[in-house]
Amino acid sequence: EKEEKYFLLRALSEIEKVGAGKIVSLLTRFGTTENLLTVSLDDIASVNGIGQNTARKIHMVIRDFPHAHDKFSAELEALKKLGGNFITLD
């Protein structure tokens with residue numbers, strides 16, 4: 001789903017030392033965001049330009065992503081039911 005993909009990529013971009021180049025490298029290596037959600041710490045660390053410390057941070061985001069996304073989606077639905085909306089700065 002487009003929203004889920006955006007949310008994952010946004011979460012990854014918030015990690016220190018993870019910019020567009022490293023995200024492109026991850027997607028090039030693993031193909032899709034869906035595939036990225038299934039990779040191991042060692043898989044991430046094997047991507048050129050990603051060290052062990054950064055790989056650990058990326059892996060933590062990926063591991064926690066389903067829970068974080070579900071929580072965000074629930075909060076967004078609650079906001080919509082109250083007639084609210086949100087603005088992004090992207």
Side-chain angles (χ1 to χ4, degrees):
E1 162 179 324
K2 186 177 178 182
E3 176 188 299
E4 184 173 294
K5 183 184 295 186
Y6 170 80
F7 190 59
L8 175 60
L9 296 176
R10 184 68 185 198
L12 291 173
S13 72
E14 295 296 322
I15 300 170
E16 184 180 355
K17 297 185 181 180
V18 176
K22 285 190 174 104
I23 292 172
V24 167
S25 293
L26 287 165
L27 290 173
T28 299
R29 174 72 179 275
F30 302 114
T32 65
T33 54
E34 291 81 14
N35 290 344
L36 186 56
L37 289 170
T38 67
V39 300
S40 71
L41 174 60
D42 290 337
D43 292 334
I44 297 166
S46 72
V47 174
N48 190 33
I50 297 179
Q52 194 68 31
N53 192 36
T54 301
R56 262 193 297 279
K57 292 176 185 177
I58 292 169
H59 190 255
M60 284 175 48
V61 167
I62 290 170
R63 183 193 65 209
D64 296 340
F65 178 75
H67 173 70
H69 181 264
D70 290 346
K71 183 178 178 185
F72 174 76
S73 294
E75 289 174 357
L76 183 58
E77 281 303 311
L79 178 65
K80 287 178 183 177
K81 286 180 182 177
L82 293 171
N85 209 338
F86 68 98
I87 299 171
T88 63
L89 301 176
D90 296 332

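This one's a predicted model, so the numbers in the text were calculated from it and none came from an experiment.
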Between atom [atom1] of [X] and atom [atom2] of [Y], what is the distance when rounded to the nearest 0.5 Å?
X: Leu9; Y: Leu27; atom1: CG; atom2: CG; answer: 6.0 Å
X: Leu8; Y: Ile62; atom1: CG; atom2: CD1; answer: 6.5 Å
X: Lys5; Y: Leu36; atom1: NZ; atom2: CG; answer: 11.5 Å
X: Arg10; Y: Ser13; atom1: CZ; atom2: OG; answer: 5.0 Å
X: Asp64; Y: His59; atom1: CG; atom2: NE2; answer: 9.5 Å
X: Met60; Y: Leu41; atom1: CE; atom2: CG; answer: 11.0 Å

Open item on the list: Can you see whether Asp43 engages Ser46 through a side-chain donor-acceptor pair at a distance of less than 3.5 angstrom?
Closed with: no
TODO: Take Thr38 and Phe30 through the test side-chain contact (heavy atoms from CB on, under 4.5 Å) and record every step on the way to the result.
DONE: CA-CA 9 Å; Thr38 67; Phe30 302 114; over 6 Å; no
- [ ] State, to 0.1 Å, how close Ile50 and Ala55 come at their nearest heavy-atom pair, and which atoms those are.
- [x] CG2-N, 3.7 Å
Open item on the list: I need the minimum non-hydrogen distance between Lys22 and Gly49, along with the two atoms involved.
Closed with: CE-O, 2.9 Å
Task: Step-by-step side-chain contact (heavy atoms from CB on, under 4.5 Å) determination, Val61 to Val18 - done: CA-CA 12 Å; Val61 167; Val18 176; over 6 Å; no
- [ ] Assess whether side-chain contact (heavy atoms from CB on, under 4.5 Å) is satisfied between Thr33 and Leu37, documenting all intermediate values.
- [x] CA-CA 6 Å; Thr33 54; Leu37 289 170; 5.8 Å; no
